[in-house]
Amino acid sequence: MRMTRYILPTMKEDPSDAVVVSHRLMTRAGLIRKESAGMYVYLPLGVKVLLKIIGIIREEMERAGALEFLMPELTSADLWKESGRWNTMGPEMFRIKDRNGMEYSLAPTHEEAFTAVLRQILSSYRDLPVNAYQINTKFRDEVRPRYGVIRSKEFIMKDAYSFDLDEKGLEESYQGMRTAYRRIFERCGLETIPVQADTGSMGGSNSEEFMVASDVGEEVLLLCDGCGYRANREKAAYGRGAGPREKDAPEGLASVDTPGVRTIDDLTAFFSCGAGRFLKSIIYMADGKPAMAVVPGDREINEVKLKNILGAVELGLATDEDILKLTGAPTGFAGPVNDFKMRTIFDLSVKDTVNAITGANKKDLHYTGVNPGRDFIIKDEADITSAMEGDRCPSCSTPMYERKGIEVGHIFKLGYKYTRSMGVTVLDRDGKETVPIMGCYGIGVNRTMAAVVEQHNDARGIIWPVEVAPFHIYFIGIAKTEAETAAVDEIYGFLKESGFDVLYDDRRVSPGVKFADADLTGIPVRVVAGKNYFASGEIEVKSRMGGEPCTAKKEVLAEQIRAILAAAKVKK
RNA sequence: CGGGGCGUGGCGCAGUCCGGUAGCGCGCAUGGUUUGGGACCAUGAUGUCGGAGGUUCAAAUCCUCUCGCCCCGACCA
């Protein structure tokens, strides 16, 4: 491709609204342009990278036996109503009506759509297993789109859905995707951390996220180097104390006037002690029913865990009025010493507390010397708090550490949620109707692209891993005369004939501009034909990965380049 | 949704406090000199100053409303 016939608007300066490196570089290197908040245009060079990533995904999905579909981007409300998600999805799902008043979603995901087609097609156990996928645009009305293409309202996703006869089959499908995902990300040059995850609103059991460690990541991961345990914060378990935190002998229950002292911050100031001395009692409404969660004051309630324990679809904090009605005290004075009828869940660490301070369920009053077993009974105990840096690994007790990560892939076992609610059945060997079990597997395609840039760049620009690079070669000609131009053109032709995808910078600009753009766009091999070529036939070849440039005569040029590309591939 | 910030040629910005000819750098066009790390000279084009309304002889600048964009936070009693 000749640059003079191409569109590659590179920029010397950072766009003012880009804060993360991938967004800055992708814009400056002419891959994307912002259309509006959370919506991006892919320019030709960006499309090439996207297609490379999509190509890798296709190859690996095919290798794993998956079949490519293409679904409508609108999904009828009827299907969402069948699965029950029309009501549970929330405002992140775009909903639209056609001129006849028919309701649709601009699909944020496609479980319903796939389940609906396969329901029509699958009729026998012989049809299983099936793994159906597509690469398509998804829409989510994000609370806050940010970081360029990492979190956008409209994004490209590869989503796959497996249907198996039984759990054993699902396990095989799941493991197949696990392997495929490892291969995909490895080929994209991405180092990913697979972590255990919660299954979220999609419903299901087993789940693994593929994370790219990055400071701009929006998820927190808890990692253990001792045994390799890795989980995201929504899911991560952690070891609690083996016995009472404090050896103090239990004191008697006493009440203390605490006018206007409500928050943990207020309490630590009032009692001048650490937040860990308190037991926080927080009232939630779970699907309309009240529930109280009791956790140490220095711990954060993990609402995902809590929601799972309660088996709730919707979980939110109770209002001040509800709290007054339920506890008899205004917000800030709830505590476990009570005879409420609402369900109360205690975090696993509560039983080890000694002489805690809690709300007394009376305005402006707290109890001190509160002890579990004596002052209140722990009936319902569960892990409902979030793990933090330094907490002990649940499987080997090594202290864990935190990393932020960008989620590029997610695989999980869905179970029967959609096949049951939407009535999918096949006949088994005995001619009996059976409901297939599903798995679901997603990859954020454009987010993967951004993650690659996050992971592969330097001060000058992007450094594309070979397999996803938009071109193999950035070819620079520095010619002064017509004869020299002809000689350079000839090399360009030769490179193309040798099977390389070449971007030929034939612009009439000074060499510095070309070198800068070569670095910025991150194309793996830079080839320069200039004065040395005209003098002695030496062509310069340089890898964007680093190292000194070397020179080659035309006879060995193709070989040289192939060697660099191959070496880069091995190195990832 | 709460807090903060910003909208001025394609891009990055100054000018706004204190109303009075709309400016700078990059980019773009033409001609010339250059050509191995973002060259130089000359000439030139490009602006509803986000939008609407108001104040004023006069508004990018002051007032009111509105739209868009960016950043931080979002229920932890």
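Below, all heavy atoms of this structure are taken into account, side chains as well, without hydrogens, waters or symmetry copies. Just so it is clear: chains get the letters A, B, ... in the order the sequence lines come, proteins before strands, and each one is counted from 1. Values in this document were obtained by computation on a predicted structure and should not be read as measured data.
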Legend entry - Distance in angstrom units between A:E300 CD and B:C76 P, rounded: 10 Å

Inset, instruction - Write down the distance separating the C1' atoms in B:U8 and B:C76, rounded off to the nearest Å. - result: 45 Å

Legend entry - For B:A14, the Watson-Crick or wobble partner whose two distances fall under 3.5 Å: none

Inset, instruction - For B:U35, take OP1 and OP2 only and decide whether either is under 4.0 Å from a side-chain N or O of A:S510. - result: no

Legend entry - Distance between C1' atoms of B:A39 and B:U34 (Å, rounded): 7 Å

Inset, instruction - Report the distance from atom OH of A:Y40 to atom C1' of B:C70, rounded to the nearest whole Å. - result: 10 Å

Legend entry - Side-chain donor/acceptor of A:D501 to backbone N/O of A:H472, under 3.5 Å: no

Inset, instruction - For A:R507, report the nucleic acid contact type (base, sugar-phosphate, nothing); a contact means any heavy atom under 4.0 Å. - result: nothing

Inset, instruction - Counting Watson-Crick and G-U wobble pairs only, both distances under 3.5 Å, name the nucleotide matched with B:C75, or none. - result: none

Inset, instruction - Select from A:I283 and A:R146 the residue whose nearest nucleotide in RNA chain B is closer to the 5' end of that strand. - result: A:R146

Inset, instruction - Please determine if A:D14 and A:R28 form a salt bridge, counting it only when a charged side-chain N lies under 4.0 Å from a carboxylate O. - result: yes

Inset, instruction - Return the residues of residues 519-528 of chain A meeting this criterion: a heavy atom under 4.0 Å from some atom of RNA chain B. Order them by number, or give none. - result: A:D519, A:R526, A:V528

Inset, instruction - Quote, to the nearest angstrom, the P distance that separates B:C62 from B:G15. - result: 12 Å

Legend entry - Counter-base of B:G44, judged by Watson-Crick or G-U geometry with both distances under 3.5 Å: B:C28

Inset, instruction - Rounded to whole angstrom, note down the P distance from B:C13 over to B:C65. - result: 28 Å

Inset, instruction - Tell me, please, whether A:F471 has A:K48 positioned over its six-membered ring: NZ or CZ under 6.0 Å from the ring centre and within 45 degrees of its axis? - result: yes

Inset, instruction - Could you measure between the two P atoms, the one in B:G19 and the one in B:A59, and give it in whole Å? - result: 13 Å

Inset, instruction - Could you tell me whether A:Y147 contacts a base, only the sugar-phosphate backbone, or nothing, with contacts defined as non-hydrogen atoms closer than 4.0 Å? - result: sugar-phosphate

Inset, instruction - Please list, by residue number, the residues of residues 5-17 of chain A whose heavy atoms come closer than 4.0 Å to an atom of RNA chain B; answer none if no residue qualifies. - result: A:K12, A:E13, A:D14, A:S16, A:D17

Legend entry - Whole-angstrom distance between B:G9 and B:U48, as gauged at atom P: 8 Å

Inset, instruction - Report yes if some heavy atom in the side chain of A:R140 is under 4.5 Å from a heavy atom in the side chain of A:L106; otherwise report no. - result: no

Inset, instruction - Would you mind classifying the nucleic acid contact of A:A37 as base, sugar-phosphate or nothing, using non-hydrogen atoms under 4.0 angstrom? - result: sugar-phosphate

Inset, instruction - Taking atom P in both B:G31 and B:U21, compute the distance separating them and give it to the nearest angstrom. - result: 36 Å

Legend entry - Test: A:E219 and A:R233 ion pair at under 4.0 Å: no

Inset, instruction - Flag the pair A:Y474 / A:Y504 as yes when their ring centroid distance falls below 6.0 Å, and as no otherwise. - result: no

Inset, instruction - Identify, between A:T263 and A:G512, the residue whose nearest nucleotide on RNA chain B lies closer to the 5' end. - result: A:G512

Inset, instruction - Please determine, for B:U21, whether a Watson-Crick or G-U wobble partner exists with both distances under 3.5 Å, and give it or none. - result: none

Inset, instruction - Report yes if at least one side-chain N or O of A:R33 is closer than 4.0 Å to OP1 or OP2 of B:C11; otherwise report no. - result: no

Legend entry - Integer-rounded Å distance: B:G27 P and A:D517 CG: 12 Å

Legend entry - Closest nucleotide among B:A39, B:C69, B:G37 to the A:K34 side chain: B:C69

Legend entry - Closest listed nucleotide, where the reference is the side chain of A:F515 and the choices are B:C75, B:G38, B:G36: B:G36

Inset, instruction - May I ask you to say what A:R508 touches in the nucleic acid, namely base, sugar-phosphate or nothing, with a heavy-atom cut-off under 4.0 Å? - result: nothing

Inset, instruction - Mind calculating the distance between CD1 (A:I384) and C1' (B:C76) to the nearest angstrom? - result: 11 Å

Inset, instruction - Indicate, with a heavy-atom threshold strictly under 4.0 Å, whether A:V143 touches base, sugar-phosphate, or nothing. - result: base

Legend entry - Integer-rounded Å distance: B:U35 C1' and A:I476 CD1: 13 Å

Legend entry - Carboxylate-amine/guanidinium proximity below 4.0 Å for A:E540 and A:R526: yes

Legend entry - Touch class at under 4.0 angstrom, heavy-atom based, for A:S36 against every strand present: sugar-phosphate

Inset, instruction - Return the nucleotide paired to B:C65: Watson-Crick means purine N1 to pyrimidine N3 with N6-O4 or O6-N4, wobble means G-U with N1-O2 and O6-N3, both under 3.5 Å. - result: B:G51

Legend entry - Chi angles and distances behind the salt bridge (charged side-chain N to carboxylate O under 4.0 Å, His left out) call for A:R2, A:D489: CA-CA 10 Å; A:R2 279 176 183 266; A:D489 283 354; 3.4 Å; yes

Inset, instruction - Just name whichever nucleotide pairs with B:G37, Watson-Crick or G-U, keeping both distances under 3.5 Å, else none. - result: none

Inset, instruction - Drop me the distance from A:F494's CZ to A:E555's CD, to the nearest 0.5 angstrom. - result: 8.0 Å

Inset, instruction - State whether the number of non-hydrogen atoms from other residues, nucleotides or ligands found under 6.0 Å of A:K553 atom NZ is greater than 12. - result: yes

Inset, instruction - Inspect the contact between A:R277 and A:D298 and indicate whether a charged nitrogen and a carboxylate oxygen are less than 4.0 angstrom apart. - result: no

Legend entry - Presence of salt bridge, A:E154 and A:K138, under 4.0 angstrom: no

Legend entry - Ionic contact status for A:K153 with A:D141, cut-off 4.0 Å: no

Legend entry - Between B:G36 (P) and A:D505 (CG): distance, integer Å: 15 Å

Legend entry - A:I478 CD1 - B:U34 C1' separation (whole Å): 13 Å

Inset, instruction - Let me know the distance between NE2 of A:H23 and P of B:C69, rounded to the nearest Å. - result: 13 Å

Legend entry - Inter-nucleotide P distance (B:G53, B:G32), Å rounded: 49 Å

Legend entry - Under-4.0 Å side-chain N/O to phosphate OP1/OP2 contact, A:R144 with B:C71: yes

